[in-house]
Amino acid sequence: MFKIFLGVLLFQFGALILPGPDFAAVFRHSIVRGKREGLFCVAGVSAGVMIWLLITFFIGTALYTKYNLLYLCLIFIGIIYLYKVSIPLIYNFFNPTVIPNNDKDNKHSSNTHPLNTKIPGNSFFNGLFTNLSNVKAMVFFSTLLPLVNQLNIPFLLSTWLGMGVMTYTWFAFIAIMFGNHKIRDAFLSKIKVIELIIGSAIFFF
């Protein structure tokens with residue numbers, strides 16, 4: 001069971017690296033409101049992940065024990081979603097785009113311009129609702145059900161808590177890191193390689 005526990009956490013980490021609504025929310029709050037508010041947004045995103053995990057694991061387990069056909073359909077939908085996510089990432093690596101010099105010289109101003117606006121509301125709830133509005137999270141987590149259903153209660157709770165802690169740790173790192181423009185540019189310059197690695201891992205999973 002410990003191997004399954006580690007496998008689920010590694011898969012969760014791979015999914016966290018992929019840019020998405022959560023990443024965008026944390027990035028924007030960190031730039032506009034500062035690291036402190038960015039970390040509040042991270043806490044909201046993490047809370048949303050844990051809520052989605054509870055819903056997915058509860059519904060998925062119920063389907064597994066009572067409605068096996070619906071359970072298989074849920075898993076199948078999740079697999080299709082993973083292919084939909086992974087294939088474009090792999091394709092992007094082999095389809096490089098050329099950035100014009102004028103865009104390259106002005107990348108800081110063009111990238112940060114949309115961020116020079118106020119974000120209404122509480123940072124925590126903005127992060128929470130950003131995550132909860134992404135219903136694809138349930139589809140994504142459903143792909144873990146064949147592994148999760150093999151765990152006993154202590155390992156299941158550890159997995160739930162571990163995924164929440166990992167989510168917070170990763171996005172807290174993002175909130176702090178993107179306060180530095182040099183680090184941000186170095187990260188973005190390697191984004192295609194990162195997409196290839198993560199896309200391949202998800203595809204073969």
Side-chain angles (χ1 to χ4, degrees), residues 8-57 78 81-82 84-86 88-89 92 106-144 159-195 197-199 201-202:
V8 171
L9 291 187
L10 287 174
F11 186 71
Q12 167 72 352
F13 180 71
L16 287 173
I17 297 177
L18 292 173
D22 296 338
F23 182 93
V26 171
F27 176 81
R28 190 160 184 248
H29 276 77
S30 301
I31 296 296
V32 176
R33 291 185 170 181
K35 294 179 182 178
R36 180 175 179 273
E37 293 298 317
L39 291 174
F40 277 118
C41 180
V42 170
V45 169
S46 302
V49 167
M50 298 189 75
I51 292 173
W52 273 124
L53 285 171
L54 280 177
I55 294 173
T56 305
F57 289 172
Y81 172 68
L82 290 184
K84 182 180 179 182
V85 168
S86 62
L89 294 176
N92 286 341
N106 297 316
K107 59 183 175 181
H108 285 301
S109 60
S110 62
N111 286 343
T112 56
H113 177 69
L115 302 174
N116 295 328
T117 56
K118 293 183 179 180
I119 304 175
N122 182 280
S123 296
F124 174 85
F125 287 106
N126 282 338
L128 176 64
F129 293 137
T130 295
N131 184 269
L132 292 179
S133 65
N134 184 17
V135 294
K136 291 185 293 185
M138 182 175 180
V139 177
F140 175 79
F141 291 135
S142 70
T143 61
L144 300 175
T159 301
W160 177 65
L161 291 173
M163 293 177 76
V165 170
M166 179 174 288
T167 300
Y168 182 86
T169 302
W170 169 251
F171 283 122
F173 170 72
I174 294 299
I176 296 171
M177 181 181 67
F178 279 131
N180 186 306
H181 285 297
K182 292 183 179 179
I183 296 178
R184 181 184 65 182
D185 292 341
F187 183 87
L188 293 178
S189 67
K190 303 295 184 181
I191 189 64
K192 286 186 177 293
V193 177
I194 294 172
E195 287 180 343
I197 296 173
I198 301 304
I202 292 179

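The first residue of the sequence shown is numbered 1, and numbering continues consecutively from there.
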Qualifying residues under side chain to side chain contact (heavy atoms under 4.5 Å, CB included), relative to [X], sequence neighbours excluded:
X	value
Tyr168	Leu39, Val42, Ala43, Ser46, Ala172
Ile51	Ile55, Leu128, Leu132
Met166	Leu9, Gln12, Phe13, Leu16
Glu37	Arg33, Phe40, Ser123

Closest contact, heavy atoms only, Pro21 versus Thr130: O-CG2, 3.6 Å

Closest contact, heavy atoms only, Val49 versus Asn131: N-OD1, 3.1 Å

Going from OG1 on Thr56 to CH2 on Trp160, what distance comes out if it is rounded to the nearest 0.5 angstrom? 13.0 Å

Output the distance between atom CE (Met163) and atom CZ (Phe11), rounded to the nearest 0.5 Å. 8.5 Å

